[in-house]
Protein chains: 2
Amino acid sequence: MTDVALPEIGADVPPEGVSIGEAARLTGVGIEALRYYEREGLMLDPTPRDEGGRRRYHERDLAWIAGLVMLRETGMAIADIRVIADVSRRPGTEGERLHLFEQHRMRVVEQLERTRRHLAAIDAKIAAYRRAATHSDPEGTPR
Amino acid sequence: MTDVALPEIGADVPPEGVSIGEAARLTGVGIEALRYYEREGLMLDPTPRDEGGRRRYHERDLAWIAGLVMLRETGMAIADIRVIADVSRRPGTEGERLHLFEQHRMRVVEQLERTRRHLAAIDAKIAAYRRAATHSDPEGTPR
DNA sequence: GCTTGACCTGTAGTGCACTCCAGGTAGCAG
DNA sequence: CTGCTACCTGGAGTGCACTACAGGTCAAGC
């Protein structure tokens, strides 16, 4: 699993940019998905092309994609990410963007707490099975 | 918290059980999804019926459904839950079940860490936007 | 000059997890 | 008896996020 933090990719991106294949490798996203994201308007601008019409991803593009990954993996839908991309394209919308991120943050925190509770339940189940395994305990054995 | 093995619903379930509508309300799952889960073999047994052929959910059924919700919300696929349901139906498979839960636990922990890192990234973005908002800082402003 | 590989576009297909629908039954209120 | 509501079945439909494919271009290596 590629470790994609945020703005930084952790690899040197040449000033002429990288190919879509390289971008896929660096971000962990997959070529088809990168084109799909672009089609869906998730990129800030259409990715610039070389003379032959092939996409060239620059450092800021990769950083943005890392942000997309972050939003996707925290459960934001493509349509909602598009909203963020749309406002991010327009200057003077910093307050709006802040609001969107704050909103999303709340959902992520909620989700995190929920998952933590579920993890505790899993731990309880594991503990019960361990007890059942060691001193074969017919009562505490869960289904 | 009385029973460690079976998670609690937090409502009294009458001994004759509850209807599917009530079960949906209590578990938060939705009538169609409950029938779907049963069709897909996620329930331990086919839900018992009353004289008229309508499903009656008892406490242990609701507890099991709560477990399904927990597994689903931690990202386990229906097919994988079916595997758990299948082994849980067969006696003497406690070791196998333990293994399945331990495996899932690892994935959940990984997911949790990933989400925590994403949350930190979101916080960083929010902080940057806040800085940009207060003392209009053209450089540190993120996209 | 030919092949290979990576890329391109536009469109179709896939997998998953539900969700809806048509057409029917059972029990209860008025 | 007549609605009305909640439930039933089998099967079709939906929404989402990709993913695959057909048919083509282009640059580099042999």
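Sequence lines set the chain letters: A, B, ... in the order given, protein chains first and strands last, and positions in each chain run from 1. Keep in mind that this is a model prediction, so the values were computed, not measured.
The nearest pair of heavy atoms linking Trp64(B) to Met43(B) is NE1-CA, 3.8 Å.
Counting heavy atoms from C-beta on, the side chains of Arg97(B) and Glu94(B) come closer than 4.5 Å.
In this structure, Arg56(B) atom CZ and dC8(D) atom P are separated by 10 Å, rounded to whole Å. For the pair Leu68(A) CG and dA17(D) P, the computed distance is 13 Å after rounding to whole Å. Put simply, CZ on Arg55(B) is 7 Å from C1' on dC8(D), counting in whole angstrom units. Across the protein-nucleic acid pair, Arg49(B) atom CZ and dC7(D) atom C1' stand 10 Å apart, rounded to whole Å.
Applying the side chain to side chain donor-acceptor pair (under 3.5 Å) rule to Asp80(A) yields no partners; only residues at least two apart in sequence or on another chain are considered. Every residue two or more places apart in sequence or in another chain was checked for a side chain to side chain contact (heavy atoms under 4.5 Å, CB included) with Glu51(A), and none qualifies. Residues satisfying the side chain to side chain donor-acceptor pair (under 3.5 Å) criterion with Gln111(A), sequence neighbours excluded, are absent altogether. Residues forming a side chain to side chain contact (heavy atoms under 4.5 Å, CB included) with Arg55(B) (at least two apart in sequence, or on another chain): Ile20(B), Arg35(B), Glu38(B), Thr47(B), Arg49(B), Tyr57(B).
Counting 5' to 3', DNA chain C first comes under 4.0 angstrom of a heavy atom of chain A and last does so at the ends given by dC7(C) to dT9(C).
Residue Asp86(A) holds its CG atom at 9.0 Å from CG of Leu42(A), rounded to the nearest 0.5 Å.
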Q. With the sugar-phosphate defined as primed atoms, P, OP1 and OP2, and the base as all remaining atoms, what B/S/- string results for nucleotides 18-28 of chain D, 5' to 3', for protein heavy atoms under 4.0 Å?
A. BBBB-------
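Here Arg130(A) pairs with Glu102(B) in a salt bridge; the nearest charged N to carboxylate O distance falls below 4.0 Å.
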